[in-house]
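This chain uses plain numbering: 1 for the first residue, then up along the sequence.
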Amino acid sequence: LSCIAAIAMWLLITGLVTESTKKLFGEFRPNATEMQTQSGGAWGSRQSFVSGHTSTAFCGSIMAAVLSYHCLGFFPFFAQNPASVLRIILSHAGPWTFAIIVGASRVWDHKHWPWDVLGGAVLGGVFGYHGALTVLPNRRVLPR
């Protein structure tokens with residue numbers, strides 16, 4: 001698979017598993033009463049566990065962090081010291097910060113319970129890790 005196709009495939013798989021999980025559990029959202037009043041009891045008020053925004057954000061962020069970590073290895077400074085703290089910070093700080101902000105905003109806006117976001121982070125993290133494995137040429141996330 002090409003890099004872009006693999007990333008798109010794993011994001012799609014994450015979305016499908018997330019939607020299936022929402023239908024399986026059917027948990028009410030924190031703002032369910034408000035949603036039912038506005039829409040006459042729509043199914044959307046029962047789609048809380050797991051957070052789709054969070055699972056997608058963590059899936060993409062973990063793939064971005066792992067792939068950028070490996071891409072930084074092409075620069076001579078980082079190639080000489082693969083476990084460089086600077087390399088780890090540069091590759092992981094942005095994606096992780098983005099994913100955490102997405103998850104926190106879902107709780108802040110009363111769209112999800114904290115455990116919905118945690119479940120989405122775990123689900124997205126697992127698929128993001130496997131997505132990174134399919135993209136990397138040597139199928140190793142961590143250097144030897």
Side-chain angles (χ1 to χ4, degrees), residues 1-75 78-79 82-144:
L1 289 173
S2 74
C3 184
I4 304 273
I7 291 170
M9 179 187 75
W10 283 100
L11 287 170
L12 179 65
I13 290 170
T14 301
L16 291 172
V17 172
T18 298
E19 288 304 312
S20 299
T21 305
K22 285 176 180 279
K23 289 184 183 356
L24 178 69
F25 284 95
E27 180 184 351
F28 281 106
R29 293 179 180 267
N31 64 349
T33 310
E34 175 187 325
M35 290 179 73
Q36 289 173 344
T37 303
Q38 292 173 353
S39 61
W43 166 250
S45 64
R46 292 190 64 102
Q47 293 190 21
S48 189
F49 186 81
V50 298
S51 170
H53 287 84
T54 306
S55 64
T56 304
F58 270 87
C59 179
S61 294
I62 287 178
M63 284 191 286
V66 169
L67 296 174
S68 63
Y69 176 85
H70 284 275
C71 289
L72 282 173
F74 293 113
F75 293 99
F78 293 115
S84 163
V85 172
L86 180 61
R87 181 178 177 184
I88 294 169
I89 290 171
L90 286 175
S91 62
H92 286 73
W96 279 94
T97 302
F98 169 76
I100 290 168
I101 288 172
V102 168
S105 73
R106 302 305 291 165
V107 175
W108 181 265
D109 290 340
H110 303 289
K111 303 293 184 191
H112 288 283
W113 302 104
W115 51 85
D116 302 335
V117 170
L118 182 61
V122 170
L123 187 132
V126 167
F127 287 117
Y129 175 81
H130 287 290
L133 284 178
T134 61
V135 173
L136 294 175
N138 60 3
R139 304 286 195 261
R140 290 185 54 85
V141 172
L142 299 173
R144 290 182 183 199

Which residues share a side chain to side chain contact (heavy atoms under 4.5 Å, CB included) with [X], sequence neighbours left out:
| X | value |
| --- | --- |
| Ser61 | Pro95, Phe98, Ala99 |
| Leu16 | Leu12 |
| Ile7 | Cys3, Leu11, Met63, Leu67, Val135 |
| Ile13 | Met9, Trp10, Val17, Phe127 |

- Query: Under 3.5 Å, is there a donor-acceptor pair linking the side chains of Ser48 and Asp116?
  - Reply: yes
- Query: Who passes side-chain hydrogen bond (donor to acceptor under 3.5 Å, both in side chains) against Trp115, sequence neighbours left out?
  - Reply: Glu27
- side-chain hydrogen bond (donor to acceptor under 3.5 Å, both in side chains) filter on Thr14, not counting sequence neighbours, yields none
Kindly say whether [Y] contributes a backbone atom to a donor-acceptor pair with the side chain of [X] at under 3.5 angstrom?
| X | Y | result |
| --- | --- | --- |
| Trp96 | Ile62 | no |
| Lys111 | Arg29 | no |
| Arg106 | His53 | no |

- Task: Evaluate the side-chain proximity of Ile100 to Phe58: yes if any heavy-atom separation is below 4.5 Å, no if none is.
- Result: yes
Could you measure the distance from the [atom1] atom of [X] to the [atom2] atom of [Y]? Nearest 0.5 Å is fine.
| X | Y | atom1 | atom2 | answer |
| --- | --- | --- | --- | --- |
| Leu24 | Lys22 | CG | NZ | 12.5 Å |
| Gln47 | Phe25 | CD | CZ | 14.0 Å |
| Tyr129 | Thr134 | OH | OG1 | 11.5 Å |

- Determine the sole option in Thr18, Val102, Val126, Val122 for which the side-chain contact (heavy atoms from CB on, under 4.5 Å) test with Ser55 is passed. Thr18
